[in-house]
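Proteins get letters first, then strands, A, B, ... in listed order; numbering begins at 1 in each. Worth saying up front: this structure is predicted, and the values here are computed from it rather than measured.
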Number of protein chains: 2
Amino acid sequence: MTIDNSYKDKKVITIGVVSELTGLSERQIRYYEERKLIFPERKEGKSRKYSFNDIETLIDIANKIEEGTQTYEIRQDMIKKQKLKDEKEIKKQMIQGQLNAHFGIQKKHYR
Amino acid sequence: MTIDNSYKDKKVITIGVVSELTGLSERQIRYYEERKLIFPERKEGKSRKYSFNDIETLIDIANKIEEGTQTYEIRQDMIKKQKLKDEKEIKKQMIQGQLNAHFGIQKKHYR
DNA sequence: CGTGTAAGGAATTCTGACACG
DNA sequence: CGTGTAAGGAATTCTGACACG
C-alpha cells in the first residue's frame, strides 16, 4: 500500500496527455486547479505537470460533477478526508510513542 | 513482479521531462531511438512519449556508454536478453500444456 | 561514432477575457 | 457555476544538416 508510489506520485505528465487520458478538456483541468481540487507542479514559470494520482483524482472529480456535485463541495469533502487521515496518523504516532516509552529500550533485549 | 506495471509502462512523458529526469540531452535521447535502443510512442505525427520504464532503460544505456560500450553492442545485448526471456516463456507454456493434458480435467475434482 | 548546435516550422501551453446560462 | 472559444505570445518539439573527432 505504500510501495511503488514512486511512479504514481511523480508529476511528469503534460496537460495535453492528461486531457487524453481523462477525457476532460484542458479548460476543465485548469479550472479544477483554480478551484483547488488538484495541484500540478510548475517549475520556473513552465507548463503544468501532473501525476498518475492527479489523473485518478480528476476522474473522481469528473464523476462527482456529473452527479451534480459542485466544486466547492468536492473540495470540502477532500479537506475532510485529509483531516481524518491526519488525525489517524497522529494517533498512531502517539500510541507508538507510548509503546516506545514503555518498551522501547527493552526491545533490544529481544533481538 | 507483474503488479503495477500499469504506470511504469505507460508512455506519457515528453522528451523535455525525460531529459530532466535522466540528465541526458534531447539529442542523445533521440539518437538512442535512432539506434533502436528505445521506442517512444507517437500518435499521428505528434511528439514522442516515454514511459518510466524507458527512463530506466535510458539510464542503463547512459552508464554503458560511459563505460565505452557502443550503441551497437548495447543493442545486441538487449536482443539477446529478450531472446532468452522469450525462450523461457515458451518452455513454461509447454510444460504447463503437458500438465494440463495429464491433469487438467481432474483438477475440477479437487475443487 | 556520439553529440552539439543553429534554423525554420509546427504543435503545445499559457493567460485574461468575453459568452452563455 | 462550469465550460467553450478566439487571441496573441511564449515555450516545446521536430527534422535535416553541418561540424568535430
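Note: CD (A/E67) to C1' (D/dG2) measures 16 Å, nearest angstrom. Computed from coordinates, the B/Y31 OH to D/dT13 C1' distance equals 21 Å when rounded to whole Å. Between A/I15 atom CD1 and D/dT12 atom P the separation is 15 Å, expressed in whole Å. To the nearest angstrom, C1' of C/dG2 lies 17 Å from NZ of B/K64. Put simply, CZ on A/R27 is 18 Å from C1' on C/dT12, counting in whole angstrom units. Atom NZ of A/K46 is separated from atom C1' of C/dT13 by 13 Å (rounded to the nearest Å). Atom CD1 of A/I29 is separated from atom C1' of C/dT13 by 12 Å (rounded to the nearest Å). Rounded to an integer number of Å, the gap from A/R42 CZ to D/dA10 C1' is 12 Å.
Across the strands present, D/dA10 finds its partner in C/dT12; the criterion is a Watson-Crick or G-U wobble pair with both atom distances under 3.5 angstrom. C/dT5 is paired with D/dA17 under the criterion used here, namely a Watson-Crick or G-U wobble arrangement in which both key atom distances are under 3.5 Å.
Remark on DNA chain D: of its neighbouring residues A/S47 and A/I65, the 5'-side contact belongs to A/I65, judged by nearest-heavy-atom nucleotide. Residue order along DNA chain C, read from the 5' end via each residue's closest nucleotide, puts B/T69 first among A/K49 and B/T69. Mapped onto DNA chain C by nearest heavy atom, A/G16 and B/E26 fall at different nucleotides, with B/E26 at the one closer to the 5' end.
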| said: Could you go through B/K49 and A/E20, starting from their C-alpha distance and side-chain angles, then the distance that decides it, and tell me whether this counts as salt bridge (charged side-chain N to carboxylate O under 4.0 Å, His left out)? | reply: CA-CA 13 Å; B/K49 295 287 180 303; A/E20 281 179 24; over 6 Å; no
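At least one side-chain heavy atom of A/T57 sits under 4.5 Å from a side-chain heavy atom of A/M78. The shortest distance between side-chain heavy atoms of A/I74 and A/I61 falls below 4.5 Å.
Not one side-chain nitrogen or oxygen of B/T14 sits closer than 4.0 Å to the OP1 or OP2 atom of C/dT12. Taking only side-chain nitrogens and oxygens, A/Y32 comes nearer than 4.0 Å to OP1 or OP2 of D/dT3.
B/R30 comes within 4.0 angstrom of a nucleotide base, judged by non-hydrogen atoms across all strands. Contacts of B/R48 with the nucleic acid, taken as non-hydrogen atoms under 4.0 Å apart, involve only primed sugar atoms and P, OP1 or OP2.
No side-chain donor-acceptor contact under 3.5 Å links B/E67 and B/N63.
Interatomic distance, CZ of B/R30 versus OG of B/S19, reported as 9.5 Å (0.5 Å rounding).
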